[in-house]
Amino acid sequence: MAGAHKPKQPPTPVTKADVARALRNVAAMLEITGDNPFRIRAFENASAAIEDLSEDLHAMVESGELLEVRGIGKSIFADVKSMLETGTFDEYEKLRKKVPAGILEMLRVSGMGPKKVKAVYEKLDIKSVDELEQAGRDGKLAVLPGFGEKTQLNILNAIARYRKYAQRFLFSVAEDEANGILEAVRRVKGVKHSLIGGSLRRHRETIGDIDILATTDDADPVMDVFTSLPNVATVIAKGPTKSSVIMKSGIHVDLRVVKDDEFAAASHYFSGNKEHNTEVRARAKKLGYKLNEYGLFEGEHAVKIKDEEALFAKLGMDFIPPELRENAGEIEAAEEHALPKLIEVGDIRGTFHCHSTYSDGRSTLREMAEAAKALGLEYLGIADHSQTAVYAGGMDKAKVKKQLREIEELNQELAPFVLFKGVESDILLDGRLDYDDETLASFDHVVASVHGQFTGTEAQMTKRIVTAVSNPFTTMLGHPTGRVLLSRDGYPLNLTAVFEACAAHKVFIEINAHPYRLDLDWRHLRTAKDMGVHFVINPDAHHTSEIGYFRYGVGIARKGWLTKGDVFNTKSTDGVRAALRKPRS
DNA sequence: GCCGTTTTCGGCCCGACTGTTTTCAGTCG
């Protein structure tokens with residue numbers, strides 16, 4: 001019966017992101033209809049669980065494996081299955097009839113929660129952000145019960161901010177802003193500890209807002225300094241323990257202030273994602289404690305904790321590095337003493353995939369080499385664009401010869417520092433590389449990358465990349481999915497097939513560390529590693545100032561649970577040289 | 001709706017700030 005009204009098979013395959021969005025929308029609509037809060041959370045949790053899956057969703061539903069994922073029970077499993085097969089599910093359709101489409105958008109306006117959205121919808125028939133703005137201008141919001149002049153003004157301001165800054169910020173941009181604020185906070189007399197928390201400390205690839213934590217016995221001066229920083233555009237809230245501002249850049253910043261002996265609990269509290277924190281607090285409760293941002297409590301009395309390490313120990317866990325605090329299995333691993341020893345920036349001894357003035361780089365080979373040396377690196381892999389990349393000044397064969405000669409001369413002069421000879425070869429439409437074998441053989445390494453014609457189907461793009469990876473001259477797969485953060489999704493790809501090919505042909509998968517890319521995504525690293533893939537962290541530098549980007553890639557590698565041994569460019573120069581001399585078949 | 005050394009029912013994390021309130025609801029993280 002119900003099936004008769006279901007839409008037909010959707011025209012495009014339903015993706016993981018589609019399912020996660022649908023579940024999140026269900027949660028939002030349930031909030032507005034005033035459903036059981038725990039039921040709402042179940043849908044939110046399920047949405048997050050689906051979003052973080054690294055394996056193929058269709059396969060997991062097919063095999064029933066999805067039921068093993070924490071947060072997915074029988075009911076939501078059925079919803080997901082229905083969504084994959086028909087494009088929707090009953091609960092979703094039922095709610096969509098009750099809650100008009102534009103209403104969910106209003107939830108994204110800061111200060112508009114489910115109750116207020118429901119109130120303006122029911123009392124004023126407001127169904128969109130546009131209508132909400134109009135009502136505010138007409139003074140209609142202020143007269144609603146529970147609303148007032150101030151609330152109306154706040155909503156109008158929040159709409160303006162929502163319009164201007166609906167987007168997120170690159171990690172690198174947010175980090176620079178946060179460091180500036182942190183410095184100012186640290187200079188305030190009486191501040192003992194301070195740190196950048198939140199998603200920045202977890203090294204997320206994009207950042208919604210900045211969280212800063214400071215400890216002092218006298219909060220007022222810190223809050224005064226913070227809320228009157230020259231780059232602050234608006235003060236949203238100011239209290240003795242928490243203040244919020246919007247910077248001129250549009251980034252929202254929270255400052256939390258606690259007492260010095262509360263630092264350990266607070267720094268944990270302000271670093272994990274919501275799910276990690278909820279989970280750890282539940283663990284604490286089970287052990288008879290209460291955990292909040294001020295400490296770990298046994299009844300009324302606070303347990304003395306010196307640092308985060310001691311806090312985890314009290315809860316029967318090893319220290320969980322901040323990057324892992326995403327509730328992705330780290331809590332269980334910490335209890336079983338099974339967390340990996342994560343790679344560190346200092347483990348990196350050189351890096352590859354760097355451009356020079358031979359293609360679209362802005363620094364010469366010599367400048368690049370000297371900058372790498374100054375960073376303490378032992379080697380640098382040059383990989384300028386290949387001849388098809390005309391837009392980027394790609395090298396024809398004559399230019400390649402000239403560059404290789406210049407590199408050899410520089411190596412004589414700069415030894416023991418080494419420039420490795422390489423190229424970033426375009427992967428052509430049929431998967432071939434961009435030079436004849438003789439030219440390819442003259443390089444120490446070949447980074448194979450897709451730079452154009454992204455519009456193929458998943459099957460076509462996968463075949464194209466697998467073909468390139470199977471080429472005996474390919475050493476590394478550059479920016480594997482081609483995404484550009486905040487602007488472009490990657491091309492459709494069967495990553496499982498790509499990982500298989502890379503493992504089989506011993507091709508390194510690049511973690512492109514350029515702050516705009518951070519590709520491969522950290523969510524896939526564990527799966528790839530389990531399939532036997534090794535990685536290389538490359539800055540994709542086009543200027544001397546960009547070589548150091550590899551540290552962003554290390555952050556991503558850490559989020560993906562990688563160790564020093566998983567990453568090629570932690571090897572010494574000799575180790576790298578030996579590995580690059582792989583047999584050409 | 002999910003989950004289980006609290007195990008198939010009965011729980012489910014915790015606190016700060018604002019604005020509209022005469023004691024607290026709503027929102028946020």
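The chains referred to below are lettered A, B, ... by the order of the sequence lines, with proteins before strands, and numbering in each begins at 1.
The base of B:dG15 does not come close enough to the side chain of A:Tyr269 for any donor and acceptor atom to sit less than 3.5 Å apart.
Residue pairs meeting the ring-ring contact (aromatic ring centres under 6.0 Å, His included) criterion with at least one partner in residues 247-267 of chain A, sequence neighbours excluded, are A:His193-A:Phe263.
In this structure, A:Glu68 atom CD and B:dC2 atom P are separated by 14 Å, rounded to whole Å. In this structure, the CZ atom of A:Phe77 is 13 Å from the P atom of B:dC3, given to the nearest Å. A:Asn45 places its CG atom 11 Å from the C1' atom of B:dC3, with the value rounded to the nearest Å. If you measure from atom CZ of A:Arg283 to atom P of B:dC13, you get 13 Å, rounded to the nearest angstrom. When the C1' atom of B:dT6 is taken as reference, atom NZ of A:Lys285 falls 11 Å away, rounded to whole Å. The interatomic distance linking A:Asp209 (CG) with B:dG29 (P) rounds to 6 Å, in whole Å. Between the P atom of B:dC13 and the CG atom of A:Asn273 lies a distance of 14 Å, rounded to the nearest Å. Atoms NZ (A:Lys286) and P (B:dC13) sit 11 Å apart, rounded to a whole Å.
Non-hydrogen atoms lying under 4.0 Å from DNA chain B are contributed by nothing in residues 315-332 of chain A. At a non-hydrogen distance threshold of 4.0 Å, A:Asn36, A:Phe38 from residues 22-38 of chain A come into contact with DNA chain B. Residues of residues 137-153 of chain A that place a heavy atom closer than 4.0 Å to DNA chain B, in numerical order, are A:Gly146, A:Phe147, A:Gly148, A:Glu149, A:Lys150, A:Thr151.
Backbone-only contact: A:Leu291 has heavy atoms under 4.0 Å from sugar-phosphate atoms and none from a base. Within 4.0 Å of A:Arg41, counting heavy atoms only, lies at least one base atom of the nucleic acid. Nucleic acid contact for A:Glu293: sugar-phosphate only, since backbone atoms but no base atoms lie under 4.0 Å from a heavy atom of the residue.
Taking CG from A:Leu132 and CD from A:Glu105, the interatomic distance works out to 10.0 Å, rounded to the nearest 0.5 Å. Here the CD1-CG distance, from A:Ile207 to A:Leu170, works out to 9.5 Å after rounding to the nearest 0.5 Å. Atom CG of A:Leu156 is separated from atom OG1 of A:Thr151 by 11.0 Å, given to the nearest 0.5 angstrom. Remark: A:Leu141 CG to A:Lys116 NZ distance equals 10.5 Å, nearest 0.5 Å. Note that CG of A:Leu84 and NZ of A:Lys81 are 9.0 Å apart. Values are rounded to the nearest 0.5 Å. For the atom pair OG1 (A:Thr481) and CG (A:Leu495), the distance works out to 7.5 Å, reported to the nearest 0.5 Å.
Scanning both residues, A:Val14 and A:Gly87, for their nearest heavy atoms gives CG2-CA, 4.1 Å. In terms of heavy-atom proximity, A:Thr33 sits nearest to A:Lys98 at CG2-CD, 4.3 Å.
Stacking of A:Lys314 on the aromatic ring of A:Tyr289 is not recorded, the 6.0 Å distance cut-off and the 45° axial limit not both being met. Judged by a 6.0 Å distance limit and a 45° cone about the ring axis, A:Arg551 is not positioned over the six-membered ring of A:Tyr549.
Side-chain atoms of A:Leu518 and A:Asn512, non-hydrogen and from C-beta on, never get closer than 4.5 Å to each other.
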* Structure fact -> In B/S/- notation (B base, S sugar-phosphate only, - none; protein heavy atoms under 4.0 Å), nucleotides 22-28 of chain B written 5' to 3' is ----SSS
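Contacts of A:Tyr516 classified as ring pair (Phe, Tyr, Trp, His ring centres under 6.0 Å), with partners at least two apart in sequence or in another chain: A:His514.
Spacing between B:dG11 and B:dC17 at atom P, rounded to whole Å, works out to 32 Å. B:dT21 and B:dT27 have their C1' atoms separated by 16 Å, given to the nearest Å.
With salt bridges taken as basic N to acidic carboxylate O contacts below 4.0 Å, one links A:Arg483 and A:Asp521. The pair A:Lys242-A:Glu293 fails the salt-bridge criterion, with no side-chain N (NZ, NE, NH1 or NH2) lying under 4.0 Å from an Asp/Glu carboxylate O.
Relative to the side chain of A:Ala42, the nucleotides B:dT18, B:dA16, B:dC2 differ in distance, and B:dC2 lies closest.
Nucleotide B:dT8 has no partner under the Watson-Crick or G-U criteria, as no pair reaches both atom distances under 3.5 Å.
Put simply, A:Asn277 has no side-chain N or O that comes within less than 4.0 Å of OP1 or OP2 on B:dC13. Within the structure, every side-chain polar atom (N or O) of A:Arg281 is placed at least 4.0 Å from both OP1 and OP2 of B:dC13. Residue A:Thr241 places at least one side-chain N or O under 4.0 Å from the OP1 or OP2 atom of B:dC17. Proximity of A:Lys238 to the phosphate of B:dT18: no side-chain N or O atom is located under 4.0 Å from OP1 or OP2.
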